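Single-structure report; data block below.
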Amino acid sequence: MLRKHLLLSGITDYFLIIRLCLFSTLPLLINISSHAQIISPILNEAKSLVISFNAPFIKANKIKSVTKHISTKPDNQMIIDKGLMEYYEFDTAGNLTYSFTTEIKATTENEVLDYTYTRKGKRVPFYKTEYSYLYDTTFVFYTYDNKNRMTIKRNSIIGREVFRSHYYEYNDSGVVKKETVIREVNSAENIRDFKTGMQTVLSIEGFTYEKMAAGQTKKRFLNDEGRVYKEGIVYSDDKGQVTEEAFDFVVTWIKERNTYKYNSKGYLLDKKLSSNDGYSSHESFEYDPGEADTFNGIHIFKDGIKTKDISYIYDKTTKFLESDVSRDHKNASIAIARYEYDCY
């Protein structure tokens, strides 16, 4: 199991730290559904791990924001709190409307004079190293229509002013028929009051869907000139869940083959993405035995090599996510996160 694997990776003491020290203070009155969880693995076209906040859970529990505080621990070293964090904000319908993530852009070392004392009380001076950090923050804004479908997703790419924005349009069946990517400037003084300034269209992509047979849909990808550049078959089961995608690029030799497996609740158990140009990823998801809607963790592989394990820990009563632990095999380190909540 995932938790056992993490413990065997040398972090037993750090799981104890999480359980004893890092739990958030949660609201006392919580509206809990027995068939809901705060996060869940979902399926979309992203070529990476996708963990989504569960909008019905967020709405039912009137969660306004979630703050994730992250500490790191390189192997054989102490836990380091560098002030890293992620922040997520929601509307009253449970939709994610705003988020930001901090990363360290630069580190400065300073030698500081300090003192220690001998058993006889004699003061002994020494120098210690203190670190200060310069942060880089990425901001994301989300906009929805009256059917709670995302219509705009804006990601900051240069400071607080320049964004790469994705605009989505839907067909009568509720699936995306057009995606326009625009570079745009936020002309508002306050970043939270986004005001569209100069815009430059970077790309336009269209999508068409043709029912071929039961459980088979032909999907075509159109460039900004309306020409098909990629197409293939999307296979789905009797519940409408996508089980396989087989796409070919029209003018190149590249082929994409993706497969998906689910549990009885419709959450992903296994996700494999690959192409013959050398790309390969595999994500294996874990759930509580006998309680298939509680997502416990994930194993992540790239090109056949395990790169990361993540384990999620919840409050048993409220089902709020309290902490997570991720093991980065490539960089030989552990990240420990604790979650805090603000409610309407």
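Predicted model, so just to flag it, every value in this text is computed and none were measured.
Checked against the 6.0 Å centroid threshold, Phe295 and Tyr267 do not count as a close aromatic pair. For an aromatic pair to be called close, the ring centres must be under 6.0 Å apart, and Phe207 with Phe221 satisfies this.
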Evaluate salt bridge (charged side-chain N to carboxylate O under 4.0 Å, His left out) for Arg257 paired with Asp248, printing each intermediate quantity in order.
CA-CA 9 Å; Arg257 298 295 183 265; Asp248 297 335; 3.2 Å; yes

Checking His166 against Asn155 for the side-chain hydrogen bond (donor to acceptor under 3.5 Å, both in side chains) test, could you report, in this order, the C-alpha distance in whole Å, the side-chain angles of both residues, the deciding distance, and whether it holds?
CA-CA 9 Å; His166 296 250; Asn155 295 75; 5.2 Å; no

Please assess Glu231 against Arg220 for the test salt bridge (charged side-chain N to carboxylate O under 4.0 Å, His left out), listing each intermediate value before the final yes or no.
CA-CA 4 Å; Glu231 62 183 358; Arg220 296 182 175 90; 3.5 Å; yes

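For Lys272, there are no salt bridge (Lys or Arg N to Asp or Glu O under 4.0 Å) partners, not counting sequence neighbours. Residues satisfying the salt bridge (Lys or Arg N to Asp or Glu O under 4.0 Å) criterion with Glu205, sequence neighbours excluded, are absent altogether. With sequence neighbours excluded, the residues forming a salt bridge (Lys or Arg N to Asp or Glu O under 4.0 Å) with Arg154 are Glu184, listed by chain and number.
Aromatic ring pairs are classed by plane angle as parallel below 30°, tilted from 30° to 60° and perpendicular above 60°; the pair Phe301 and His299 is tilted. Ring geometry for Phe100 against Phe139 counts as tilted: the plane angle lies between 30° and 60°, on a 0 to 90° scale.
Proximity of a side-chain donor or acceptor of Tyr344 to a complementary backbone N or O of Lys59 within less than 3.5 Å is not detected. Within the 3.5 Å criterion, the main-chain N or O of Lys195 finds a donor-acceptor partner in the side chain of Asn186. Side chain of Asn223 to backbone of Glu225: a donor-acceptor contact under 3.5 angstrom is found.
A donor atom on one side chain and an acceptor atom on the other are not found under 3.5 Å apart for Glu286 and Asn296.
The two atoms that bring Tyr88 and Leu96 nearest to each other are CB-CD1, 3.7 Å, heavy atoms only. Shown here for Asn171 and Tyr209, the closest heavy-atom pair between the two residues is ND2-CD1, 3.8 Å. Minimum heavy-atom separation, Asn263 to Leu269: N-CG, 3.6 Å. Among all heavy-atom pairs drawn from Phe57 and Thr318, the shortest one is CZ-O, 3.8 Å.
Val140 and Phe194 fall into different hydrophobic clusters, where Ile, Leu, Val, Met, Phe, Trp and Tyr are joined by side-chain heavy atoms under 4.5 Å apart, directly or via other members.
Atom-to-atom distance recorded for Arg183:CZ and Leu202:CG is 7.5 Å, nearest 0.5 angstrom. Taking OG1 of Thr101 as the reference point, atom CG of Leu84 lies at 10.0 Å (rounded to 0.5 Å). To the nearest 0.5 Å, the span separating CG on Asn331 from NZ on Lys308 amounts to 8.5 Å.
The cationic atom of Arg149 (NZ for Lys, CZ for Arg) does not lie both less than 6.0 Å from the six-membered ring centre of Tyr168 and within 45° of the ring axis.
Salt bridge absent: Lys261 and Asp237 never bring a charged side-chain N and a carboxylate O closer than 4.0 Å. With salt bridges taken as basic N to acidic carboxylate O contacts below 4.0 Å, one links Glu256 and Lys230.
Residues Val201 and Asp224 are not in side-chain contact: their nearest non-hydrogen atoms beyond the backbone lie 4.5 Å or more apart.
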